[in-house]
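Read the structure below first, then the notes.
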Amino acid sequence: MAAAATQGMEPLRVGFVGAGRMAEAIAQGFIRAGKVEAQHILASAPTDRNLCHFQALGCRTTHCNREVLQSCLLVFFATKPHVLPTVLAEVAPVVTAKHILVSVAAGVSLSTLEEEGAMVMARGRYAGSSEAKLLQTLLEACGQCEEVPEAHVDIHTGLSGSGVAFVCAFSEALAEGAIKMGMPSGLAHRIAAQTLLGTAKMLQQKGQHPAQLRTDVCTPGGTTIYGLHALEQGGLRAAAMSAVEAATSRARELSGK
């Protein structure tokens with residue numbers, strides 16, 4: 001459903017209860033893709049500190065959480081986990097059967113919502129296929145979005161949400177290797193970032209398993225296979241798997257699972 005709704009139809013109004021960087025990123029994605037007009041987005045927060053970002057986007061703001069529910073049928077709850085029960089109790093009297101309520105998973109990084117980001121969504125038992133389709137269509141304005149079982153949400157946090165930091169650490173390590181061999185720092189970091197970007201695009205466009213692309217760039221006795229051997233000796237693969245496992249376990253702890 002686009003912002004430029006068909007003539008005679010009510011425009012889609014989207015609300016955000018909680019106005020942190022995650023909520024801001026989602027709203028910005030909707031506006032940039034033309035899914036929702038800024039004037040039809042209403043965000044609430046206790047203070048003006050975070051609301052100023054929404055105001056800069058041209059969105060409406062309020063300090064009243066109930067007002068968001070009374071004005072919008074699609075509402076994102078983007079508060080901190082420990083605050084959410086209190087907020088839900090506050091707005092419960094104005095929630096109707098027509099509302100679509102979305103909880104933004106705790107721990108998902110802002111970077112997962114950028115143009116090359118990846119998100120997952122899981123339905124509650126009262127959410128039907130039409131509601132799921134609407135939400136997926138909107139969230140695809142922020143990046144890749146797939147519907148998954150609820151059990152996969154915390155794994156996604158460990159893989160994609162926390163994975164941003166893991167990839168940054170690997171990019172930094174690549175650049176430092178080049179710096180060690182004599183390349184200027186700025187140039188090394190730019191090339192490392194571009195290498196990661198180019199590799200990710202090839203994996204997406206070709207749909208290949210990473211092992212196939214890795215094999216394609218290895219020549220017998222060449223530089224790449226020597227470098228890969230060094231990575232295996234350093235335990236890169238095991239360390240990456242352990243990092244995702246640890247982040248997933250922590251996400252489950254935070255969500256009380």
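If you read the sequence from its start, that first residue is 1, and numbering goes on from there.
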Next on the checklist: Can you tell me how the ring of F76 sits relative to the ring of F16, calling it parallel under 30°, perpendicular over 60° and tilted otherwise?
Outcome noted: parallel
Item to check | Residues E253, R250: salt bridge by 4.0 Å N-O rule | outcome: yes
Joint cluster assignment, [X] & [Y], ILVMFWY side-chain distance < 4.5 Å:
{"X": "L228", "Y": "F170", "result": "yes"}
{"X": "L57", "Y": "I41", "result": "yes"}
{"X": "V68", "Y": "L73", "result": "no"}
{"X": "V167", "Y": "L213", "result": "no"}
{"X": "V87", "Y": "V94", "result": "yes"}

Could you grab the distance from atom [atom1] of [X] to atom [atom2] of [Y], nearest 0.5 Å is fine?
{"X": "L236", "Y": "M241", "atom1": "CG", "atom2": "CE", "answer": "11.5 Å"}
{"X": "S171", "Y": "I191", "atom1": "OG", "atom2": "CD1", "answer": "11.0 Å"}
{"X": "I31", "Y": "I26", "atom1": "CD1", "atom2": "CD1", "answer": "12.0 Å"}
{"X": "L203", "Y": "Q208", "atom1": "CG", "atom2": "CD", "answer": "7.5 Å"}
{"X": "T61", "Y": "H53", "atom1": "OG1", "atom2": "NE2", "answer": "12.5 Å"}
{"X": "H40", "Y": "L74", "atom1": "NE2", "atom2": "CG", "answer": "14.0 Å"}

If you define the side chain from C-beta out and look only at heavy atoms, does anything of [X] sit under 4.5 Å from [Y]?
{"X": "R214", "Y": "T224", "answer": "no"}
{"X": "S44", "Y": "T62", "answer": "yes"}
{"X": "H63", "Y": "D48", "answer": "yes"}
{"X": "L69", "Y": "L101", "answer": "yes"}
{"X": "K35", "Y": "V14", "answer": "no"}
{"X": "L42", "Y": "R13", "answer": "no"}
{"X": "I225", "Y": "P220", "answer": "no"}

Please report the closest heavy-atom contact between [X] and [Y], naming both atoms and the distance.
{"X": "A175", "Y": "H189", "value": "CB-ND1, 3.3 Å"}
{"X": "L174", "Y": "A192", "value": "CB-CB, 4.2 Å"}
{"X": "E90", "Y": "P93", "value": "O-CD, 3.4 Å"}
{"X": "A78", "Y": "A23", "value": "CB-CB, 3.8 Å"}
{"X": "R237", "Y": "E232", "value": "NH2-OE2, 2.9 Å"}
{"X": "V17", "Y": "T79", "value": "O-CG2, 3.5 Å"}

